[in-house]
Amino acid sequence: DGGITQSPKYLFRKEGQNVTLSCEQNLNHDAMYWYRQDPGQGLRLIYYSQIVNDFQKGDIAEGYSVSREKKESFPLTVTSAQKNPTAFYLCASTPPNRAESSYNEQFFGPGTRLTVL
Amino acid sequence: QKEVEQNSGPLSVPEGAIASLNCTYSDRGSQSFFWYRQYSGKSPELIMSIYSNGDKEDGRFTAQLNKASQYVSLLIRDSQPSDSATYLCAVKLSGGYQKVTFGTGTKLQVIP
């Protein structure tokens with residue numbers, strides 16, 4: 001089955017810990033994104049990557065880091081520097097040649113819900 | 001002024017009625033507009049995209065775009081209880097890579 005997978009579905013973090021959220025896609029999509037969603041708020045862009053070995057900060061990158069070593073994978077690390085990490089984290093991707101066009105449809109994975117204990 | 005604005009709702013409609021969801025955006029350079037449906041606890045699902053003025057129909061869904069008024073709407077005909085969800089409006093600027101900006105969503109409740 002083709003699609004975007006995220007793991008784990010639920011993640012609990014203690015104060016001061018770094019945690020890594022996984023995002024994998026087998027759709028041959030080029031661009032990948034990480035968003036954060038808080039209750040009653042829209043999606044906010046954390047990082048995005050248009051090609052392998054390249055990524056850019058979004059609107060709220062502080063306290064987060066990413067890597068893009070493979071086209072299929074775009075993991076997000078939530079570091080201890082992120083002061084309020086409890087949120088729903090969503091990974092998305094865009095079909096080839098669409099990210100820089102007007103037709104930038106984004107397709108989302110199922111999400112990871114992170115809670116700080 | 002927010003870049004993308006939606007009424008948070010909830011918007012309640014009886015089953016079988018037409019639900020009308022509205023979205024306004026601030027940047028006149030915006031070229032691409034998307035509607036996502038998000039069930040509680042789930043991720044957003046793309047249901048419609050529209051790029052030019054006018055109407056675009058797909059099954060029970062119609063997206064309407066008016067760039068002069070900076071307004072995009074989604075109509076759901078013959079609303080069903082399974083349509084009860086939060087609907088997110090998203091807008092993208094033209095030219096190169098530009099981020100997609102999401103509204104906070106309108107919660108729709110379809111009453112049986």
Side-chain angles (χ1 to χ4, degrees), chain A residues 3-7 9-10 21 23 25 27 29-51 54-61 87-113 115, chain B residues 1-10 21 23-27 29-53 56 58 63 65 67 72 85-107:
Chain A
I4 305 171
T5 58
Q6 291 186 243
S7 62
K9 186 174 182 180
Y10 299 97
L21 284 59
C23 178
Q25 55 93 5
L27 302 168
H29 286 184
D30 293 318
M32 298 184 74
Y33 314 84
W34 274 105
Y35 290 92
R36 167 181 174 145
Q37 187 175 36
D38 295 279
Q41 297 194 31
L43 279 65
R44 292 184 289 168
L45 182 65
I46 304 172
Y47 269 97
Y48 66 94
S49 169
Q50 295 186 73
I51 57 172
D54 184 63
F55 48 83
Q56 305 296 328
K57 292 182 179 180
D59 298 322
I60 55 165
F88 188 38
Y89 288 86
L90 291 158
C91 179
S93 66
T94 298
N97 303 317
R98 303 290 266 191
E100 291 189 355
S101 75
S102 296
Y103 310 100
N104 185 14
E105 307 99 338
Q106 296 185 11
F107 299 92
F108 287 86
T112 292
R113 198 165 296 277
T115 302
Chain B
Q1 182 184 8
K2 290 183 180 178
E3 293 178 290
V4 179
E5 291 207 59
Q6 297 181 257
N7 188 319
S8 61
L21 304 162
C23 173
T24 58
Y25 59 95
S26 60
D27 195 316
S30 301
Q31 294 291 321
S32 308
F33 308 87
F34 309 95
W35 284 100
Y36 288 83
R37 177 176 62 199
Q38 186 174 24
Y39 292 112
S40 181
K42 302 296 185 182
S43 62
E45 173 192 9
L46 180 66
I47 54 173
M48 289 286 286
S49 56
I50 186 166
Y51 309 104
S52 55
N53 277 330
K56 178 182 178 183
D58 184 0
L65 175 61
K67 289 185 179 179
V72 57
T86 296
Y87 290 80
L88 305 175
C89 173
V91 176
K92 177 185 179 292
L93 297 177
S94 66
Y97 176 80
Q98 297 286 349
K99 70 173 185 176
V100 175
T101 300
F102 288 81
T104 55
T106 298
K107 186 172 183 178

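The analysis underlying the following values was restricted to heavy atoms, covering all of them including side chains, and did not include hydrogens, waters or symmetry mates. The chains referred to below are lettered A, B, ... by the order of the sequence lines, with proteins before strands, and numbering in each begins at 1.
- Atom CD of Gln38(B) and atom CZ of Phe88(A) lie 6.5 Å apart (nearest 0.5 Å).
- To the nearest 0.5 Å, atom OG of residue Ser32(B) and atom CD of residue Glu105(A) are 8.5 Å apart.
- Gln56(A) does not touch chain B: none of its heavy atoms, backbone or side chain, sits under 4.5 Å away.
- Closest heavy-atom contact between Pro110(A) and Ser43(B): CA-OG, 3.7 Å.
- Both the backbone and the side chain of Leu43(A) come within contact range of chain B, each with at least one heavy atom under 4.5 Å from a heavy atom of that chain.
- Checked by atom type and distance alone, the side chain of Thr104(B) never pairs as donor or acceptor with a backbone atom of Gln41(A) at under 3.5 Å.
- Glu45(B) does not touch chain A: none of its heavy atoms, backbone or side chain, sits under 4.5 Å away.
- At least one donor-acceptor pair closer than 3.5 Å links the side chain of Tyr36(B) to the backbone N or O of Gln106(A).
- Contact annotation for Arg44(A): neither backbone nor side-chain heavy atoms come within less than 4.5 Å of a heavy atom of chain B.
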